[in-house]
Amino acid sequence: MPLSNSILMFRRQFCKLPFGVISKEELLIEGLQPELMPKHVAIIPDGNRRWAKERGLSPEKGHEAGKKVLGDLCRYCSKWGVKVLSAYAFSTENWSRPKAEVTFLMTSYFEGLIHDFMRDIARCTYSNVCRYGMKMSVIGDKSNLPNSLKEAINHAEETTKDNTGLHFVAALNYGGRYDIIQATKKIAAKVKDGVIQLEDINDKLIDTELETKYLEYPNPDLLIRTSGELRISNYMLWQLAYSEFCFVDKFFPELDEADFVAALRSFQRRQRRYGGHKI
Ligand SMILES: CC(C)=CCC/C(C)=C/CC/C(C)=C/COP(=O)(O)OP(=O)(O)O
């Protein structure tokens, strides 16, 4: 039996790791420290339309190409031991895009994506790690999403809520400013009703009212943005306070595992001081 197969067999029997998940020993061989792996990776998947335009294709074809890469990214995260993957799917500002594109995203693309994810999660077994045990959530203002999309989201969240694998979080009709405003309103209402005092407002309290409050790891450790743009475009403004950023000069449909691992390596070389000093 080839060595790689024996390692897989050993892992399955003794380490209780699904096939395809990297063990601590293998991480070390790859030059990565298990204890320094990011728990929450955020992605701003930019460049679908430009990728399509360069090839003379429609924006829809670009988004379709991005769909496959998003699935791959979930697999990479599961494989390399990331716990939460959040993706900026549609910002509160994206409604100003051409009507045809917004209609495509809202009435076909996002729902189709959720459907594909659910199908793959259901098919996935312990021996096929891609979506094994994956949990799916959507954050953002769902109130003005089409009803059938809302139903698909509710179904996906309800069906996967007890899964313990990778937590995939799609930020849909989301904005960092929106998130801070909605949290502020909830806190202000509590002060007004006398449930809390003004003095009770602090970082921790705000954390408990943000849309990310249900995540095991609410603050991204690593933010990856594709397409060479060097900005955060109103993504989790509060939660990104001490995140490490990695900008990849490729369109999202071109992102591959080597880029992802390069981002992990770059992340592990950073010194995270959270505003403090080591010396
Ligand atoms: C389950 C669920 C809802 C998943 C979300 C999937 C997801 C992250 C989609 C992102 C789509 C998108 C608008 C990409 C940005 O490319 P662009 O159009 O900004 O490309 P450009 O920069 O070339 O204009």
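Both counts, for ligands and for their atoms, begin at 1 and track the order of listing.
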Which of the numbered atoms in ligand 1 are under 4.0 angstrom from any heavy atom belonging to [X]?
X    : answer
L70  : 6 (C)
I114 : 1 (C)
A87  : 8 (C)

If I take atom CG from residue L57 and atom CG from residue N48, how far apart are they, to the nearest 0.5 angstrom?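 One gets 12.0 Å once the value is rounded to the nearest 0.5 Å.
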May I ask you to identify the nearest protein heavy atom to [atom], giving residue, atom name and distance to one decimal place in Å?
atom                    : value
atom 23 (O) of ligand 1 : R50 N, 2.7 Å
atom 24 (O) of ligand 1 : R49 NE, 2.8 Å
atom 15 (C) of ligand 1 : P45 O, 3.0 Å
atom 13 (C) of ligand 1 : A89 O, 3.5 Å
atom 3 (C) of ligand 1  : F110 CD2, 3.5 Å
atom 2 (C) of ligand 1  : A170 CB, 3.6 Å

Heavy-atom gap [X] to ligand 1 smaller than 4.0 Å:
X    : value
F90  : no
S227 : no
E229 : no
G66  : no
M136 : yes

Whether the [X] and [Y] side chains hold a donor-acceptor pair (N or O, under 3.5 Å, no angle test) is what I'd like checked.
X    : Y    : answer
D141 : Y178 : no
T212 : Q239 : yes
W80  : E30  : no
N173 : W95  : yes
S233 : R225 : yes
E25  : S23  : yes

What about Y109: any of its N or O atoms under 3.5 Å from an N or O on ligand 1?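 No; every N/O pair is 3.5 Å or more apart.
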Polar contacts were defined as any N/O atom of the residue lying under 3.5 Å from an N/O atom of the ligand; does this apply to L172 and ligand 1?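 No; every N/O pair is 3.5 Å or more apart.
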Only one of L223, V69, V248, L255 clears side chain to side chain contact (heavy atoms under 4.5 Å, CB included) with I43; which?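 Of all the options given, the one that passes is L255.
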Ligand 1 contact on [X] by region, counting heavy-atom pairs under 4.0 Å:
X    : answer
L113 : side chain
K67  : neither
R97  : side chain

By side-chain hydrogen bond (donor to acceptor under 3.5 Å, both in side chains) - contacts of E101 (at least two apart):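 R49, H63, R97.
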With a 4.5 Å cut-off on side-chain heavy atoms, are V41 and P220 touching?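 A side-chain contact is absent here, since even the closest heavy-atom pair is not under 4.5 Å.
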Kindly state whether the ring of Y174 and the ring of F90 have centres lying under 6.0 angstrom apart.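 Centroid distance Y174-F90: not below 6.0 Å, so no.
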Using a 6.0 Å cut-off, check whether atom NZ of K142 has over 12 heavy atoms from anything other than its own residue.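 Result for NZ/K142: enclosed.
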